[in-house]
Amino acid sequence: MAVIQTTGLSKRYKHKWAVDHLDLWVEQGDIYGFIGRNGAGKSTTLKLLCGLAQPTQGEAMIFGKPIRDSVARRRVGALIEQPGLYPDLSGRENLRLYATLLGLDSPERQVDEMLKTVNLDPREKKPVRHYSMGMKQRLGVALALLGGPDLLLLDEPINGLDPEGIREMRELLLRLNRERGLTILISSHILGELSKIATRYGIIHEGRLVEQMTAAGLEQKCTDYLHLKADQPQKAAALLERSLHLKRWEMRPEGEIRIYEAVDAKAVGQALAQAGVAVEEMGLHRQDLEGYFLERMGEADHV
């Protein structure tokens, strides 16, 4: 089931498309890693999804209903940019204020539950201005959880955190997903951390969705491969497939051949030489998440 589905979702500010015809798909139970450089359109997309901004074009559906539907919007909790906290109030007082504004039943019970959920002490009385960055971000998640949403939208929640704060946030999100069945869309440019929790990815560049894939699909794409360039790429590919019985390979638009299975580079070179195909480049390429992301961004720059 699609928890989030957008069709041509777009937002224009003056002469710039901040979000450009985005077709996003997030399934129930996903931890969706929304990857992009600063300024790529991640925050604007999240604002569109929770109703903080109105689209210029296109449509967004939440749980099968338009985002303007009040029932659908009540199922969404969001932390966009920095949490809106009152610095002179304690964490508990902040939550109690928001719970009252939301008109929640039994606000005291919900406040205590949310604080415990994000590993903050309900008895703590110090004002939020004395909280660490990690504590503030977890309190922001607690605010987003008020009302018991089924979908959580988090904009760069680990940005600026120290390693301990990042670990605490990672464990919190995994626990919310596992124990409460929350679907989570988390935007970030910190790729290594996203790779530890995400089940699905979307890459955005200059407002456009470059690619969507599952974690398993990304893992397959990030395997090592033998990189090959020859003066006759079509002939080289046909020859290698026939003589070496290759099954996992691809021809890139620029003529590069990538072989994703264990193969003897010497045997590749000999087979091509015997057929009169000149090898221009050949070598083992080790691919990781960051390398793949940067490569996709490079391709997007030339679209």
Side-chain angles (χ1 to χ4, degrees), residues 1-11 18-36 41-81 83-84 98-99 101-107 110 113-114 117-118 140-157 172-188 194 197-204 207 209 211-217:
M1 173 187 173
V3 171
I4 299 173
Q5 183 177 5
T6 71
T7 307
L9 188 65
S10 305
K11 181 65 177 178
V19 175
D20 191 354
H21 296 84
L22 206 67
D23 295 332
L24 204 64
W25 179 277
V26 180
E27 293 188 2
Q28 188 168 1
D30 273 346
I31 298 180
Y32 189 102
F34 198 37
I35 303 171
K42 302 189 301 297
S43 296
T44 304
T45 300
L46 266 64
K47 288 176 182 177
L48 290 169
L49 291 176
C50 64
L52 293 177
Q54 295 299 313
T56 305
Q57 293 178 15
E59 185 179 35
M61 306 289 285
I62 305 290
F63 299 103
K65 297 180 181 296
I67 55 173
R68 60 183 176 273
D69 183 272
S70 59
V71 175
R73 286 171 68 168
R74 279 199 296 270
R75 299 180 68 183
V76 181
L79 174 59
I80 310 295
E81 296 172 345
Y98 277 94
L101 291 173
L102 289 171
L104 299 181
D105 295 330
S106 306
Q110 287 212 38
E113 180 186 347
M114 290 305 102
T117 296
V118 300
V141 173
L143 290 174
L145 290 172
L146 284 172
D150 299 305
L151 169 65
L152 205 54
L153 305 176
L154 303 176
D155 184 27
E156 298 274 8
L172 170 61
L173 298 181
L174 286 170
R175 182 158 42 84
L176 291 171
N177 177 255
R178 181 180 62 251
E179 296 178 1
R180 299 189 176 214
L182 272 180
T183 301
I184 302 172
L185 189 154
I186 171 173
S187 76
S188 184
L194 278 185
I197 62 173
T199 60
R200 191 182 301 270
Y201 295 91
I203 301 174
I204 187 172
L209 193 66
E211 187 171 9
Q212 288 188 103
M213 74 209 88
T214 64

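FYI, the numbering just counts along the sequence from 1.
Exactly one residue among L22, D20, I35 makes a side chain to side chain contact (heavy atoms under 4.5 Å, CB included) with I204. That residue is L22. Each of L185, T44, L46 was checked for a side chain to side chain contact (heavy atoms under 4.5 Å, CB included) with D155, and the lone residue meeting it is L46.
Qualifying side-chain contact (heavy atoms from CB on, under 4.5 Å) partners for L52, counting only residues two or more places apart in sequence or in other chains: K47, C50, I80. The salt bridge (Lys or Arg N to Asp or Glu O under 4.0 Å) search around R180 returns E113, not counting sequence neighbours. For E156, the salt bridge (Lys or Arg N to Asp or Glu O under 4.0 Å) partners two or more places apart in sequence, or in a different chain, are K42. Partners of R178 by side-chain contact (heavy atoms from CB on, under 4.5 Å), not counting sequence neighbours, listed by chain and number: L174, R175. Checked against salt bridge (Lys or Arg N to Asp or Glu O under 4.0 Å), E27 has the following partners two or more places apart in sequence or in another chain: R200.
In this structure, the separation between CG on L145 and CG on L176 is 5.5 Å, given to the nearest 0.5 Å. To the nearest 0.5 Å, atom CD1 of residue I184 and atom CD1 of residue I197 are 7.0 Å apart. In this structure, CD1 in I4 is found 12.5 Å from CE in M61, a value given to the nearest 0.5 Å. One distance of note links CD of Q110 with CG of L146; it measures 6.5 Å at 0.5 Å rounding.
Residue P149 comes nearest to G77 through the heavy atom pair CB-N, 3.4 Å, listed as atom of the first residue, atom of the second, then distance. The minimum heavy-atom distance between W25 and Q212, with the atom names listed, is N-OE1, 3.1 Å. Between A198 and G33, the closest heavy-atom pair is CB-N, 4.0 Å. Of all non-hydrogen atoms in A144 and L152, the two that sit nearest each other are CB-CD1, 3.7 Å.
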Q. So K11 and L48, side chain to side chain contact (heavy atoms under 4.5 Å, CB included) or not? Walk me through it.
A. CA-CA 8 Å; K11 181 65 177 178; L48 290 169; 3.9 Å; yes
Q: Would you check, one step at a time, whether the test side chain to side chain contact (heavy atoms under 4.5 Å, CB included) holds for V3 with Y32?
A: CA-CA 11 Å; V3 171; Y32 189 102; over 6 Å; no
Q | Derivation and outcome, side chain to side chain contact (heavy atoms under 4.5 Å, CB included), residues L79 and V141 | A | CA-CA 7 Å; L79 174 59; V141 173; 4.2 Å; yes
Q.
Please determine whether side chain to side chain contact (heavy atoms under 4.5 Å, CB included) holds for the pair V76 and L153, giving the CA-CA distance in whole Å, both sets of side-chain angles, and the decisive distance to 0.1 Å.
A. CA-CA 7 Å; V76 181; L153 305 176; 3.7 Å; yes
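Here the side chains of P157 and I186 are in contact, with some heavy-atom distance below 4.5 Å. M213 places a side-chain heavy atom less than 4.5 Å from the side chain of I203. Within the 4.5 Å cutoff, the side chain of Y201 has no heavy atoms near those of the T214 side chain. In this structure, R75 and I62 have side chains that are not in contact, with every pair of non-hydrogen atoms separated by 4.5 Å or more. With contacts defined as side-chain heavy-atom distances shorter than 4.5 Å, the pair F63/D150 qualifies. Taking the side chain as every heavy atom from C-beta outward, F34 and L24 approach each other to under 4.5 Å. Between T183 and Q28 the shortest side-chain heavy-atom distance falls below 4.5 Å.
Sorted by first then second residue, the side-chain hydrogen bond (donor to acceptor under 3.5 Å, both in side chains) pairs that include residues 62-71, not counting sequence neighbours, number zero.
In terms of modelled atom types and a separation under 3.5 Å, the side chain of N177 and the main chain of L182 share a donor-acceptor contact. A donor-acceptor pair is defined here as one N or O able to donate and one able to accept, closer than 3.5 Å; no such pair exists between the side chain of S10 and the backbone of T56.
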